[in-house]
Each structure stands twice: as structure tokens, then as C-alpha cells.
Amino acid sequence: MNYSLRPISNETVKNINENWFEQLASLDGDHSYFASGIEHLVAWCEKTLAAGETHLWEICDKETNELLAIVEVVDAERSRDPSFKLLKIYLQPNLMMDLKEEVRQEDVKAVTDIFTYAMGGSLAIATSNGTKKLKVFGRTSEMINLFDSLLLAETPGYNLCRQGRWLVIESLGD
Amino acid sequence: MENHEKLVSGLADAMNKAFSEMSIDELKKIDWLCWNADFYIEKDKVKAA
């Protein structure tokens with residue numbers, strides 16, 4: 001995996017405007033729903049930057065600087081159960097499953113690599129802020145089922161469990 | 001391999017396996033894979049009704 005995870009910047013907004021709409025335009029069919037979704041994402045990024053907030057991050061390919069996803073990670077250190085929370089990942093249109101007629105193995109591998117990198121990176125954000133726990137939110141029952149599959153993963157040094165709609169990844173180290 | 005790398009690698013193996021066992025319709029209902037998961041969920045409800 002050759003990705004980078006960093007806070008969004010004005011460059012991120014420029015990247016979405018220049019590349020993500022172009023990706024949609026190159027696909028067949030009516031994708032006005034997705035265009036609207038990307039417009040909302042751009043507006044949210046701009047608002048976040050203007051407010052100086054730090055809960056939106058970008059995942060890019062290190063070599064090409066291609067913007068692959070936007071990740072929402074919030075600081076919940078002050079909650080009763082201190083953690084950071086990975087709430088949502090917004091993939092670029094070329095990676096979206098609902099824009100594909102056919103899904104190939106390499107498509108699945110690409111999104112798996114990005115998702116797991118996002119989880120690892122979000123946990124690193126948490127630990128660098130003195131918190132050992134990352135919670136990942138699942139909205140659909142399919143997502144919850146996916147979380148249950150991840151409980152079987154080999155993760156020495158980390159404990160995984162599911163609490164309701166949350167996958168909890170906790171570092172066991174110091 | 002450090003534990004952090006093992007974590008990501010372990011999650012990737014488990015996620016790859018889980019995704020490979022899903023149909024395209026099921027993949028389209030995974031939150032992060034689909035901008036319009038609601039559409040597919042509602043479509044299934046209508047089909048079932």
C-alpha cells in the first residue's frame with residue numbers, strides 16, 4: 001500500500017473539483033445523484049477548512065497524488081468512553097461499486113486496501129493524540145456483518161470487538 | 001512486520017475474504033462502497049413487499 005493520509009486542504013477541494021467530476025462525466029448514464037453528492041462534499045470541505053476544523057482527511061496515492069478518498073474522523077476523547085471515531089469514507093467515483101456494472105477482483109482489492117489503510121491511519125491519529133481506541137461506524141446491516149467478519153482477523157497487539165453499530169479497535173500496547 | 005502493519009494486513013485479509021463472498025448487490029449496500037446505499041436497500045424492500 002502506497003498511500004498517504006493527511007488533513008484536507010484547499011488543494012483537496014481543487015482535486016475533487018478537477019478530477020472527481022471528470023470521472024463521473026466519463027461514465028455512461030445519468031449520475032446527477034452522485035454529482036449532487038460530490039457538490040455537497042466539496043461544500044462540506046470548504047466549510048470545514050474555513051472553520052479551521054480537523055475532522056476531514058484525504059487519502060492519496062503517494063506516487064501520483066491521485067485523490068482516492070475523503071475520510072471523516074472525529075475526536076471523541078471527551079466522551080464517557082474516550083476514542084476517535086471513523087464515521088465515513090467517501091471514495092472517488094471510479095472506485096464506487098454502485099457506478100459499476102461489473103466488479104472485478106482488482107476493484108475489490110483496491111477498496112479493501114483503502115479501507116484498511118484508513119482504519120490503520122485513523123487509529124494512528126487516535127494514538128498520536130493519546131487515545132488507544134478507534135471506533136468505526138456501520139450504518140447498514142451489511143456493514144455490521146462486515147464488521148463481524150473482521151473480528152476473525154489476526155491482529156496481534158490489538159483487540160477488536162463490536163459494540164452495536166461500532167467496530168472497536170483498541171491498541172493493547174503502551 | 002510491526003504490529004500496526006500486521007493490523008492493517010490482518011484486516012485486509014479478512015475484508016478481502018468477506019467481500020469475495022458477497023454478491024455485487026450485497027457489495028452495493030456496504031456504506032462506504034456506495035453513495036446511494038439507501039436506493040438499493042429501499043429497492044429490496046419494495047421487491048420483498
Side-chain angles (χ1 to χ4, degrees), chain A residues 1 31 33-34 36-38 41 69 71 88-91 93 95-103 105 107-109 111-121 123-124 127 137-158 160 167 169 171-173, chain B:
Chain A
M1 292 186 203
H31 301 298
Y33 177 90
F34 301 97
S36 174
I38 295 173
L41 181 62
V71 183
K88 182 87 167 142
I89 297 178
Y90 298 89
L91 291 171
L95 293 168
M96 280 294 186
M97 292 294 157
D98 54 351
L99 290 173
K100 294 184 185 301
E101 288 297 322
E102 179 196 352
V103 176
Q105 265 188 331
D107 297 326
V108 173
K109 184 171 187 318
V111 297
T112 298
D113 285 349
I114 291 168
F115 288 170
T116 53
Y117 178 80
M119 287 181 184
L123 183 62
T127 52
F137 181 67
R139 193 173 68 84
T140 61
S141 54
E142 286 75 13
M143 193 69 170
I144 304 297
N145 291 339
L146 176 66
F147 286 168
D148 288 341
S149 301
L150 297 183
L151 298 183
L152 301 171
E154 282 197 31
T155 56
Y158 296 90
L160 268 65
L167 172 71
I169 305 173
S171 169
L172 300 173
Chain B
M1 207 194 279
E2 289 194 23
N3 276 348
H4 187 262
E5 285 177 4
K6 286 180 190 170
L7 168 71
V8 175
S9 171
L11 288 172
D13 287 344
M15 194 179 284
N16 256 324
K17 183 173 184 300
F19 281 162
S20 68
E21 290 168 0
M22 290 183 190
S23 66
I24 293 180
D25 283 346
E26 285 169 325
L27 284 173
K28 286 179 177 178
K29 289 178 207 159
I30 298 288
D31 304 9
W32 301 340
L33 287 176
C34 178
W35 283 73
N36 198 12
D38 287 335
F39 169 76
Y40 293 99
I41 292 163
E42 289 307 310
K43 203 165 103 168
D44 280 358
K45 285 185 190 166
V46 166
K47 252 196 235 173

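The figures that follow rest on heavy atoms only: side chains count, while hydrogens, waters and symmetry mates do not. Nothing here was measured: the structure is a model prediction, and the numbers come from that model. Lettering of chains follows the sequences in order, A, B, ..., and the numbering in each one begins at 1.
Minimum interatomic distance between B:Ala14 and A:Leu150 (heavy atoms only, all atoms of both residues): CB-CD2, 3.9 Å. B:Val8 and A:Tyr117 get closest at one heavy-atom pair: CG1-N, 4.2 Å. Considering every non-hydrogen atom in both B:Met15 and A:Leu146, the closest pair reads CG-CD1, 4.1 Å.
With a 4.5 angstrom heavy-atom cutoff, A:Leu123 touches chain B only via side-chain atoms. Both the backbone and the side chain of B:Asn16 come within contact range of chain A, each with at least one heavy atom under 4.5 Å from a heavy atom of that chain. For A:Leu41, the part lying near chain B is the side chain, with the backbone staying farther off; criterion is any non-hydrogen pair under 4.5 Å. Both the backbone and the side chain of B:Leu7 have a heavy atom closer than 4.5 Å to some heavy atom of chain A. Proximity to chain B (any heavy atom under 4.5 Å) is shown, for A:Met96, by both the backbone and the side chain. Neither the backbone nor the side chain of A:Ile144 comes within less than 4.5 Å of any heavy atom in chain B.
Heavy atoms from other residues, nucleotides or ligands lying under 6.0 Å from NZ of A:Lys109 number 12 at most.
Atoms CG and CD, from A:Asn145 and B:Glu21 in turn, are 12.0 Å apart once rounded to the nearest 0.5 Å. Here A:Thr155 contributes atom OG1 and B:Asp13 contributes atom CG; the two are 11.5 Å apart, rounded to the nearest 0.5 Å.
Of the possible polar contacts, none joining the A:Ser149 side chain to the B:Ala18 backbone as a donor-acceptor pair under 3.5 Å is found.
At least one side-chain heavy atom of A:Ile169 sits less than 4.5 Å from a side-chain heavy atom of B:Leu11. At least one side-chain heavy atom of B:Trp32 sits less than 4.5 Å from a side-chain heavy atom of A:Met143. Using a 4.5 Å heavy-atom threshold, the side chains of A:Met97 and B:Met22 count as separate. No side-chain heavy atom of B:Ile30 sits under 4.5 Å from any side-chain heavy atom of A:Val111. Looking at heavy atoms from C-beta onward, A:Phe115 lies in side-chain contact with B:Leu33 at the 4.5 angstrom threshold.
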Inset, instruction - Please assess B:His4 against A:Tyr158 for the test side chain to side chain contact (heavy atoms under 4.5 Å, CB included), listing each intermediate value before the final yes or no. - result: CA-CA 9 Å; B:His4 187 262; A:Tyr158 296 90; 3.7 Å; yes

